[in-house]
Enquirer: 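Questions regarding the structure given below will be posed in turn.
Please read these numbers as outputs of a predicted model, since none were measured by experiment. So you know, we letter chains A, B, ... as the sequences are listed, proteins then strands, and number each from 1.
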Number of protein chains: 2
Amino acid sequence: MSQHSGVPPLTIQRLPLYLRCLIQLQSQRVDVVNSQRIAELAGTNAAQVRKDLSYLGEFGVRGLGYEVDSLVVHLARWLGLQHTRNIAIIGYGRLGAALQGYGGLQDRGFLVTAVFDNDAEKVGMPISGGIVVESMDRFAEGVKENNIELAIITVPASVAQGIAETVVAGGVKAILNFAPQRLELPSDVTVRQADLAAELQILSYHLREDFGL
Amino acid sequence: MSQHSGVPPLTIQRLPLYLRCLIQLQSQRVDVVNSQRIAELAGTNAAQVRKDLSYLGEFGVRGLGYEVDSLVVHLARWLGLQHTRNIAIIGYGRLGAALQGYGGLQDRGFLVTAVFDNDAEKVGMPISGGIVVESMDRFAEGVKENNIELAIITVPASVAQGIAETVVAGGVKAILNFAPQRLELPSDVTVRQADLAAELQILSYHLREDFGL
DNA sequence: GCATGTGAATGCATTCACAGCA
DNA sequence: TGCTGTGAATGCATTCACATGC
């Protein structure tokens with residue numbers, strides 16, 4: 001298959017994982033790798049890796065494997081990571097603050113360039129990175145000034161839907177939502193849900209002494 | 001179908017979502033609900049809801065719908081949430097601290113009862129909830145003293161595998177891992193990966209100007 | 001010879017559509 | 001009548017197995 005869309009959703013979810021493994025290999029000065037080895041690092045199987053990569057094009061060499069550097073470039077391109085993307089964090093509570101200071105983002109192509117919160121006590125507060133907390137009233141301007149493409153929502157569930165609508169009105173089309181609340185938004189907006197308690201509940205399921213009722 | 005295992009993985013992932021919606025309905029004094037309405041709240045379709053719930057037993061009444069209170073009880077049972085489960089947080093950095101203080105856990109059946117970190121500056125530090133940060137050397141004792149069943153790992157990727165092995169050696173069989181690193185652990189241990197940057201990369205994919213190469 | 005790329009086969013998950021029951 | 005519970009149908013995803021090409 002070749003470089004046009006129609007990549008299955010579950011393949012897309014695995015691409016960041018492959019990218020991470022390949023970057024790790026790069027740092028170990030490995031320059032060619034086969035699907036078997038990628039699979040081991042990523043925790044899948046070789047056939048899955050080959051099928052996934054084949055959706056993006058033909059990057060391998062038969063009899064050899066994949067050239068690491070070039071595969072990294074292709075994956076990053078495919079994921080839209082040619083340039084750093086700017087993020088706004090909305091809700092400067094503990095979680096928002098933790099994410100703003102998290103170095104793991106810069107390393108992987110993202111930069112927090114604005115932080116919003118409606119709490120009057122916080123608006124105007126200068127925080128690390130030369131950022132000042134702004135009110136949501138200024139969201140649309142903030143998006144333009146800072147070239148923001150993604151928003152991370154860390155506000156209480158009760159206000160999440162309203163905030164999300166403001167975010168979309170500001171022109172942002174990709175949202176990572178930490179509020180335990182489904183967001184109802186236009187279909188051209190992509191939302192990913194990060195629900196911590198739900199994750200723990202899934203783990204809890206596996207801890208059951210296996211005969212519920 | 002009836003109350004014994006063989007519930008598909010993707011159904012299990014949706015159960016916490018249904019539970020959340022049903023609790024919301026409870027707070028609105030709704031006492032009967034049909035699959036259609038649950039589907040709207042959860043963002044799926046009615047057939048999916050009915051099929052999912054049917055894996056757990058026959059809880060509905062034909063012609064009417066589901067009794068909200070009883071369905072909440074059944075779902076909570078099925079997810080192993082009859083009693084509060086105790087959690088350890090490992091890594092008291094910004095993210096660990098944010099999670100320790102996050103009220104959304106108590107509300108949904110979880111309680112952080114211990115916090116571990118190997119940084120000598122942090123060990124011994126008293127933090128909220130009457131908790132004192134402990135060294136990982138004391139992990140196994142801490143697990144016993146506090147009846148810990150789940151661990152949340154928020155340490156750097158480079159040390160995550162080692163830490164996870166200590167966690168498992170301490171008898172914990174469910175891990176939520178925030179480190180961007182695959183954990184290789186015995187198959188009786190359940191791991192869920194919470195990789196923030198990977199989520200953002202998936203969003204980034206959807207922002208691409210759709211002809212990568 | 002060796003590892004990719006890929007049709008074909010299998011296995012899950014979702015959706016349909018209706019029998020069964022309050 | 002109205003809505004559940006569920007086989008049957010469809011649609012995805014994964015895995016197999018081998019032809020293809022270095």
Enquirer: Provide, to the nearest angstrom, the distance between the CD1 atom belonging to A:Ile12 and the P atom belonging to D:dC12.
Expert: 14 Å

Enquirer: Under a 3.5 Å cutoff, is there a donor and acceptor pairing between the side chains of B:Glu149 and B:Asn86?
Expert: no

Enquirer: CD of A:Glu67 versus C1' of C:dA3: gap in Å, rounded?
Expert: 16 Å

Enquirer: Starting at OH of B:Tyr66 and ending at P of D:dG2, how long is that distance when rounded to a whole Å?
Expert: 18 Å

Enquirer: Taking only N/O atoms, report every protein-nucleotides 20-22 of chain C pair under 3.5 Å with atom names and distance.
Expert:
residue, atom, partner, partner atom, Å
C:dG20, N3, B:Arg62, NH1, 3.4

Enquirer: Which pairs pass ring-ring contact (aromatic ring centres under 6.0 Å, His included) with one or both residues in residues 89-117 of chain B, sequence neighbours excluded?
Expert: B:Phe116-B:Phe139

Enquirer: Distances for protein N/O vs nucleotides 14-17 of chain C N/O pairs under 3.5 angstrom?
Expert:
residue, atom, partner, partner atom, Å
C:dT14, OP1, B:Arg14, NH1, 2.8
C:dT14, OP2, B:Arg14, NH2, 2.7
C:dT14, OP2, B:Gln48, NE2, 3.4
C:dT14, O5', B:Gln48, OE1, 3.3
C:dT15, OP2, B:Asn45, ND2, 2.4
C:dA17, N6, B:Arg50, NH2, 3.4

Enquirer: Distance check needed: D:dG21 P versus A:Asn34 CG, whole Å only.
Expert: 21 Å

Enquirer: Can you name the residues that form a side-chain contact (heavy atoms from CB on, under 4.5 Å) with A:Ala157, not counting sequence neighbours?
Expert: A:Pro180, A:Gln181

Enquirer: Donor-acceptor pair, B:Ser204 side chain versus A:Gly80 backbone, under 3.5 Å?
Expert: yes

Enquirer: For the pair made of CD in A:Gln36 and C1' in D:dA17, what is the distance, rounded to whole Å?
Expert: 16 Å

Enquirer: Is any side-chain heavy atom of A:Leu71 closer than 4.5 Å to a side-chain heavy atom of A:Leu53?
Expert: yes

Enquirer: Below the 4.0 Å mark, does D:dC3 have OP1 or OP2 next to a side-chain nitrogen or oxygen of B:Ser35?
Expert: no

Enquirer: Say whether, by atom type as modelled, one donor and one acceptor occur between the side chain of B:Thr154 and the main chain of B:Gly91 under 3.5 angstrom.
Expert: yes

Enquirer: Only pairs at least two apart or in different chains count here, so list each salt bridge (Lys or Arg N to Asp or Glu O under 4.0 Å) that has a residue in residues 13-26 of chain B.
Expert: A:Asp195-B:Arg20, B:Arg14-B:Asp52

Enquirer: Apply side-chain contact (heavy atoms from CB on, under 4.5 Å) to A:Asp119 and list each qualifying residue two or more places apart in sequence or on a separate chain.
Expert: A:Asp117, A:Glu121, A:Lys122

